[in-house]
Amino acid sequence: MATHHRSYNYQASMPFAREPLKTIYVGQRLLTTILMVPFWVLYYAILPRSYRPRPSWSLKQIVAVNFMRRIYKVTERAGVTWGTRDPDALCDNATLKETRFEWVDPLPEELRTGIVVDQQVPFKRVGSFVWPKQKPAEIPDCSPPGDSNTSDIVLLDRSDIEADAGRVPIIGIFLHGGGYCHMSAHETSGPSRIPRRLMQDKAFTEIHAVEYRLLQHAPFPAAVQDAAAVYAHIVRRHQRKPSSTKSASSNGSNSVSNDLDKNTEMSEKQDFLTVDFDPAAAKNRKDNKDIRDRVAQAARLKGCKIFLIGDSAGGNLVLALARWIRDEGILPAPDGLLLLSPSCDPAHAFPESPSSYVPRPHASTDYLVDTPEPRALLQRTFLGHNPLETMHSPYVSPASMRVLRAFFGDAFAESVEDLTIRQLDAAEIDRLRTMASAPSTPIAETPSWSRSPTPALDGAPLERSPTSLARPIIASPRGLSLFTDFPRACIVLGDAERLEREVMKLVGAMERDGVDVRTVWVEDGVHDVLQMAWWDERVRDRVWASIEEWVREVGEN
Ligand SMILES: *[C@@H]1O[C@H](CO)[C@@H](O)[C@H](O)[C@H]1NC(C)=O
Ligand SMILES: *[C@@H]1O[C@H](CO)[C@@H](O)[C@H](O)[C@H]1NC(C)=O
Ligand SMILES: *[C@@H]1O[C@H](CO)[C@@H](O)[C@H](O)[C@H]1NC(C)=O
């Protein structure tokens, strides 16, 4: 859980990210920020409430937001990452109070299709911190790899569970926030406040917090691979056997029958996920009936409800995982998406031209900073070897203007544009525009995509795998719209947060594609309030109550 001071590639063109400037800069910012605190307290204590960023805020909230804003600026400029953990490191259960640490095998071969496949990004085993510490009785054991006799016993146990399955376990997969470069899934990490509260309120049977690879460790699609591995693991662990194959032998007394068992078990697993299914053929089909039927069958055999939960960048990863599951049509869909201030337009740091850079709203009320240069560099590192066009893939920026325009046309893309931006003062807009067009940034170069016309959905030939990263195009396979067949979603956002506009676009686009969306507003809320050390607890309690009511509703039908 150490703060890392290592240098990464993306910091090469950031002067404050190099020593000795880095230490001086960080030290100076920290010191002045601490010195500012008494000043802020005095200033806002004297002024009438209406002068506060939001009249409802307490002095403590104002100080917290101002403090965090200054610290965030340091983080972005100096490339400091905090609260991270090595994703390859084992975590000793004895050091954990609320969770247990488990390894999940790399994504199985037969599921390696679509955007998760990348020659330069290897599939790896994934660590996950599982809430609660003691495995609940209704959770089946995981089959240890290669131990076929044990897994057979587990399979039989599982069908016993199935017999009296009135209520199935509610499983959460939690993907933490932190801009793909901070934080971890460890129980002591800030975002763990989210699974902790959901478990305390008994909204879930179990929550798996995934230690996915951050951009320091591997570029896109590493994080999606890791999240997908945990999803596949949970689906398999809870799979019910189709009744026709229930007679599987549980003999394992000699090596021959051991091998037979292994084969039976393998084919059962493949039956479940890929029975009569040729992914290559399905991709070329224009109608989705095949895939719908097969996934519906898989969903009936899924002995649990799965919710994907993510805050901030974790929300971005939830959207990418849900898209991969839908696009590939091999795994059954999750039951719900819980998106907390999801980041859904990272392409924002890459405007089509420097002058078209429009700052995000609520500069004066949120702690998130709009510093396009460091953001753009971070995003570039996130993409790694992928072409810059990948920034505009629906897998990366599902609510960017370019993506919305490609699917819904200009009218829709413009109509969701909110008005808050016009309330920013002109000086602030100018300052940000100047920053965005600074000659040292990659934004100033002419990106290759600006020379080619926007690929339209209907113009995209469907024979080519549309999710291939080799030539990313803004389209969905099988002619689906941007969010067709996405699971029900609960989207939480603050009305004082910088991501308000992009999240509203996300909500608009999902609803337009027929997704059942529950929007929960955090009154006078900044970005990602649920993971903050504290906030106005009355406000937060209301938000938790709304979320948990939604989880119950989705869990019950
Ligand atoms: C931690 O405990 C769980 C069960 O409680 C076990 O499955 C897991 O393998 C243990 N992890 C380690 C790293 O020992
Ligand atoms: C185990 O194998 C023996 C023969 O090797 C067979 O008679 C017996 O029925 C098998 N048991 C089960 C449960 O399949
Ligand atoms: C199960 O398999 C393991 C090896 O994987 C073996 O040591 C053990 O004896 C087997 N158990 C039974 C009951 O066959």
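Both ligands and their constituent atoms are indexed starting at 1 by order of listing.
Contact annotation: the side chain of Met199 never approaches that of Glu98 to less than 4.5 Å [non-hydrogen atoms, C-beta and beyond]. Here the side chains of Phe483 and Arg326 are not in contact, with every heavy-atom distance at 4.5 Å or above.
Looking at His217 and Asp86, their side chains never bring a donor and an acceptor atom within 3.5 Å of each other.
Heavy-atom proximity to atom 11 (N) of ligand 1, evaluated over Asn93, Leu90, Asp92, is greatest for Asn93.
At the top of the distance list for atom 9 (O) of ligand 1, counting protein heavy atoms only, stands Phe101 O, 4.2 Å. Nearest protein heavy-atom contact of atom 7 (O) of ligand 1 is Glu102 OE2, 3.9 Å.
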*I would like to know whether Val210 and His176 meet side chain to side chain contact (heavy atoms under 4.5 Å, CB included); could you show each step before the answer?*
CA-CA 8 Å; Val210 183; His176 70 83; over 6 Å; no
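Interface of Arg100 with ligand 1, defined as ligand atoms under 4.0 Å from a residue heavy atom, comprises 5 (O). Atoms of ligand 1 found under 4.0 Å from any heavy atom of Cys91 (numbered from 1 in listed order, with element): 13 (C).
Residue contacts with ligand 1 do not include Lys135, since none of its heavy atoms lies under 4.0 Å from the ligand.
Figure legend: cation-pi geometry between Arg100 and Phe129 absent, as NZ or CZ is not positioned both under 6.0 Å from the six-membered ring centre and within 45° of its axis.
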